[in-house]
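Predicted, not measured: the structure shown is a model, and the values here were computed from it.
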Amino acid sequence: MYSEATRAALLDEATTLFAERGYNGTSLEDVAVATQVTRGAVYHHFTGKLALFEAVLIEQERAAMAAVEKAATASNPLEAALQALGAFLDRACEPVYSKLCWQEAPTALGHQRWKEIEEHYAYGVVERFIELLMEAGHLERKARETTTQFFFWMLGGAGLALAGAAEADKQRVRDEWFDLMTRSLRGMRP
C-alpha cells in the first residue's frame with residue numbers, strides 16, 4: 001500500500017511540475033523534493049524522467065477518455081457522440097491536460113511515441129462512436145477506418161488549436177470547433 005501511495009504521490013507532483021515548468025524545466029530531483037521522497041524512491045517506480053512523464057501522460061489520457069465516455073449519456077448515438085465531443089473539448093480547454101498532452105508530450109516523447117499513446121487511448125473511443133453512428137444510420141456504413149481517422153485527426157486538430165489559444169479565446173475556439181465538427185458529423189448523414 002505504501003509503495004502504491006508513493007507512486008500516486010509521485011505522479012501527482014510530477015503532473016503539477018510538468019504542467020507548471022514543462023518537461024525540460026522539471027528534474028527528477030524536483031519531483032523527489034516535492035513528493036518528500038529520495039531520488040531512489042523515484043527510480044524505484046520509474047526508470048527515469050521520460051518514463052515518469054509518459055506515466056503522467058497516460059494518466060491524463062485515461063482520465064480524459066473516461067470523462068468523454070461518461071459524458072455520452074444520451075440514448076440517441078448522435079446526441080451521445082455530441083455529448084462526448086463536448087466533454088473532449090472541455091477537457092482540451094483545461095490548462096494541465098492541454099499543456100501536457102498537446103504541448104509537452106510531442107516534444108518530450110517524440111512525435112511517434114506521442115502518436116502511439118494518443119492512438120492507444122483515444123482512437124478506440126472514436127472508433128466505437130463511429131461504429132455506433134454507422135449502426136444507427138447517422139453515418140454511411142463505408143470507409144469505417146478512414147471515417148474514424150478523419151474524426152480522430154479532427155479531434156487532434158481541435159486539441160492543438162485549444163492548446164495554442166490564449167486563455168481569453170479558449171471558449172470561443174472551443175465553441176467554433178464544436179460547431180464545425182457537429183456540422184461535419186450531421187452533414188455526413190446518408
Side-chain angles (χ1 to χ4, degrees), residues 8 10-28 30-31 34 46 48-72 81-130 145-185:
L10 287 166
L11 285 172
D12 285 346
E13 291 298 336
T15 298
T16 300
L17 291 171
F18 286 136
E20 288 174 359
R21 302 177 186 176
Y23 177 79
N24 289 332
T26 304
S27 69
L28 284 180
D30 297 333
V31 175
F46 305 99
K49 185 167 96 167
L50 190 60
L52 176 58
F53 182 83
E54 188 170 309
V56 164
L57 178 64
I58 287 169
E59 287 300 313
Q60 290 292 312
E61 288 299 344
R62 282 184 185 153
M65 293 306 104
V68 164
E69 291 187 297
K70 184 178 180 183
L82 293 176
Q83 290 170 333
L85 171 61
F88 169 76
L89 293 172
D90 290 344
R91 181 60 65 121
C93 287
E94 293 177 5
V96 171
Y97 177 81
S98 181
K99 181 164 185 180
L100 294 177
C101 294
W102 300 104
Q103 294 176 328
E104 294 298 318
T107 303
L109 300 174
H111 180 77
Q112 186 59 38
R113 182 64 183 137
W114 169 65
K115 182 180 161 200
E116 289 169 3
I117 291 172
E118 288 297 312
E119 287 177 354
H120 179 78
Y121 289 95
Y123 191 87
V125 173
V126 174
E127 188 173 47
R128 283 190 296 281
F129 279 107
I130 295 301
E145 184 178 341
T146 301
T147 303
T148 301
Q149 289 172 348
F150 174 76
F151 282 103
F152 178 76
W153 289 110
M154 279 183 71
L155 291 166
L160 288 169
L162 286 164
E167 193 59 40
D169 295 330
K170 280 199 190 294
Q171 188 63 48
R172 177 188 55 78
V173 173
R174 180 243 183 252
D175 293 344
E176 289 172 356
W177 273 95
F178 184 82
D179 179 62
L180 177 65
M181 292 185 74
T182 298
R183 286 188 289 128
S184 296
L185 198 52

Exercise. Determine the interplanar angle of the F18 and Y23 rings, folded into 0 to 90°, and report it as parallel if under 30°, tilted if 30 to 60°, perpendicular if over 60°.
Key: parallel
Exercise. Specify the closest pair of heavy atoms between R91 and A67, including all atoms of both residues, with the distance to one decimal.
Key: NH2-CB, 3.5 Å
Quiz item: Charged N to carboxylate O under 4.0 angstrom, K99 versus E20?
Solution: no
Quiz prompt | Short side-chain to backbone donor-acceptor contact, E54 and L109, under 3.5 Å | solution = no
Quiz item: Going by heavy atoms in the side chains, are L180 and E176 under 4.5 Å from each other?
Solution: no
Quiz item: Given side chains that start at C-beta, do those of W102 and W114 come closer than 4.5 Å, heavy atoms only?
Solution: yes
Quiz item: If you measure from OG1 on T146 to CD1 on I130, what distance do you get to the nearest 0.5 Å?
Solution: 11.5 Å
Quiz item: Does some side-chain heavy atom of L155 sit less than 4.5 Å from a side-chain heavy atom of L85?
Solution: yes
Practice problem: Check the surroundings of atom CD in Q112: do more than 12 heavy atoms from other residues, nucleotides or ligands lie under 6.0 Å from it? | Solution: yes
Quiz item: Is it true that a side-chain atom of T26 and a backbone atom of L17 form a donor plus acceptor pair closer than 3.5 Å?
Solution: yes
Self-check item: Closest approach of M154 to S184 (non-hydrogen atoms, all atoms of both residues)
Solution: CE-OG, 3.8 Å
Practice problem: Calculate, to the nearest 0.5 Å, the distance between atoms CD and CG belonging to E118 and L57 respectively. | Solution: 6.5 Å
Practice problem: State whether the side chain of D30 and the backbone N or O of S27 hold a donor-acceptor pair below 3.5 Å, judged by distance alone. | Solution: yes
Exercise. Report yes if the side chains of V125 and R128 come closer than 4.5 Å at any heavy-atom pair, otherwise no.
Key: yes
